*Asks:* 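Can you read through this structure? Questions will come right after.
Just so it is clear, the model here is predicted, and its values are computed rather than measured.
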Amino acid sequence: MAEKQMKQTGQTTKTAWDATRLPDLAGRTAVVTGANSGIGLTAADALGRAGAHVVFAVRDLERGRAAAATVNGSTEVRRLDLADLSSVREFADAWQGRPLDLLINNAGVMMLPQQRTADGFEMQFGTNHLGHFALTNLLVPYVADRVVTVSSGAHRWGDARIRFEDLDFASDYNPQRAYAQSKLANLLFTLELQRRLAEAGSSVRALAAHPGYAATNLQSHAGNPVMRGFMKIGNRFFAQDDRAGALPTLYAATQDLPGASYVGPDGLGEMRGAPTLVGRSAAASDAGVARRLWTVSEELTGVSWPAEQVQQVGRVAAER
C-alpha cells in the first residue's frame, strides 16, 4: 500500500545495495585474508554463493578449514601468517602463476598490547600494512581485476600521520595510535598502488573499504580490559552485524568504481548503513606521503614493485 501511494505521488525508492545484488562470479577466483571469522568469513561466503572460488588465506589451517566448511560454494584453505614475511613469501611462491581475479586484504589485528612480528615490526603495522604490502606486490602480476584493502575510520584517530621517525612506537607505545597508523597506511598503500597500476597501463584497480562499526571478534583482542568492556557493550547495542559490515568490501570488490575509491557505510558517522563511496582524511590523500611509505615498506619487507611483470600483463590485456 505504501509503495502504491509513493508511485501515485511520483516518489521513488532506492533499494539499498546488499549481497543479493552481487554479479555472477562463476569462474573467478578470490583470495581473502583472514577469512576464518568476522567480515572476512562473511565476505567469503557471499563470494562463494555468487559462484567464485574462494581461497581462505589464514594463519590457523584447522580454524580455516572449519570456517570454509560453513561456506556455500567452491573453497580451498591455504596458510598465511601476515606477521611473518617468510610465510607471506611461501604463500605467494605456492601460487605458481594461477589466475587471480580478486585479492581482498581483509585480515587485521586491533589495539593489541605491545608486540612484535616474527620480523621485529610493531604487530599492528607489521600485520595490517607490511604483511599485506608484501603479499600484494608478490601476487599482483597474477591479479586480473582488483585489490581491495580493508581500512577503518580509525585512520583519523590520534596523530593522523605516519610516524616515519618511529614506525614501531618504540619510544611511547599506544595501542590506539598504533592501530590508527596501520589503518592510515592501508589507505596510503591503496593510493600509491593505484598510481603504479595506472602508470604501468594495467586495468587492475586498487580500492579500499571500511566496515563501519561492525560486531566481530576483532575488538576482543584489545589489551586494555576497560576498552574491551566498552567494545563488548558497543557490539551488543550499537554495532551492525558482520554481514552488514562485509558489504563495503563486497561492493568495492564487484562494482564498477574508479581506482583508489574508498567505500564505507552511508549512515551517520559512517558507522552503519548501506555501502557507498566515502571520504578520507587529508593525511590519507597525501600522494607524497604515500610514495614515501611505499619506499620505506619496500626497504622493510625486502619486497619491491614488480614493474616489468605488471607492465607486461598490462600490454597483454591491452592487445586483447
*Asks:* Check step by step if side-chain contact (heavy atoms from CB on, under 4.5 Å) holds for Leu135 and Leu103.
*Replies:* CA-CA 9 Å; Leu135 179 69; Leu103 172 58; 4.1 Å; yes
*Asks:* Between Arg280 and Asp286, is there a side-chain N and carboxylate O pair less than 4.0 Å apart?
*Replies:* no
*Asks:* Grab the two heavy atoms, one from Ala246 and one from Ala43, that are nearest each other, plus how far apart they are.
*Replies:* CB-N, 4.0 Å
*Asks:* Does the side-chain contact (heavy atoms from CB on, under 4.5 Å) test come out yes or no for Arg146 and Leu102, once each step is laid out?
*Replies:* CA-CA 5 Å; Arg146 66 189 77 185; Leu102 303 172; 3.5 Å; yes
*Asks:* For the residue pair Val109 and Met123, establish whether any side-chain heavy-atom pair is separated by less than 4.5 Å.
*Replies:* yes
*Asks:* Run the side-chain contact (heavy atoms from CB on, under 4.5 Å) test on Asp81 and Phe91 for me, step by step, so that the C-alpha distance in whole Å, both residues' side-chain angles and the decisive distance to 0.1 Å come before the verdict.
*Replies:* CA-CA 9 Å; Asp81 184 353; Phe91 182 96; over 6 Å; no
*Asks:* Quick one: list whatever passes side-chain hydrogen bond (donor to acceptor under 3.5 Å, both in side chains) with Ser74, sequence neighbours left out.
*Replies:* His53
*Asks:* Does the structure place the NZ or CZ of Arg272 under 6.0 Å from the centre of the six-membered ring of Tyr213, at an angle of no more than 45° from the ring's axis?
*Replies:* no
*Asks:* Could you walk me through whether Leu277 and Leu257 pass side-chain contact (heavy atoms from CB on, under 4.5 Å), step by step?
*Replies:* CA-CA 9 Å; Leu277 293 179; Leu257 302 172; 4.2 Å; yes
*Asks:* Does a side chain donor of either Asn128 or Ser182 reach within less than 3.5 Å of an acceptor in the other side chain?
*Replies:* yes
*Asks:* So, Arg28 and Asp145, do they make that salt bridge, N to O below 4.0 Å?
*Replies:* yes
*Asks:* Kindly state each residue pair satisfying side-chain hydrogen bond (donor to acceptor under 3.5 Å, both in side chains) with at least one member in residues 108-118, sequence neighbours excluded.
*Replies:* Arg116-Asp168
*Asks:* Looking at Glu192 and Arg195, is any side-chain nitrogen of the basic one under 4.0 Å from a carboxylate oxygen of the acidic one?
*Replies:* yes
*Asks:* Contact between Phe133 and Leu293 at the side-chain level, heavy atoms closer than 4.5 Å - yes or no?
*Replies:* no
*Asks:* Would you say Asp266's side chain and Ala274's backbone share a donor-acceptor pair under 3.5 angstrom?
*Replies:* yes
*Asks:* Work out which heavy atom in Leu22 is nearest to a heavy atom in Leu47; give both atom names and the distance.
*Replies:* CD1-N, 4.5 Å
*Asks:* Can you tell me how far the CZ atom of Arg205 sits from the CG atom of Leu193, to the nearest 0.5 Å?
*Replies:* 13.0 Å
*Asks:* First locate atom CZ of Phe121, then atom CG of Leu300, and finally report the distance between them rounded to the nearest 0.5 Å.
*Replies:* 5.0 Å
*Asks:* Report yes if some heavy atom in the side chain of Leu167 is under 4.5 Å from a heavy atom in the side chain of Val296; otherwise report no.
*Replies:* yes
*Asks:* Is the closest basic N to carboxylate O distance between Glu76 and Arg98 below 4.0 Å?
*Replies:* yes
*Asks:* Does Trp294 have Arg291 sitting over its ring (NZ/CZ under 6.0 Å from centre, angle to axis within 45°)?
*Replies:* no
*Asks:* Please give me the minimum heavy-atom distance between Val310 and Ser202, naming the atom from each residue.
*Replies:* CG1-CB, 4.1 Å
*Asks:* How about His132 and Thr149: does a side-chain donor come under 3.5 Å of a side-chain acceptor?
*Replies:* no
*Asks:* Answer yes if the side chains of Ser171 and Asp166 hold a donor-acceptor pair under 3.5 Å, and no otherwise.
*Replies:* yes
*Asks:* Does a side-chain N-to-carboxylate-O contact under 4.0 Å join Asp172 and Arg163?
*Replies:* yes
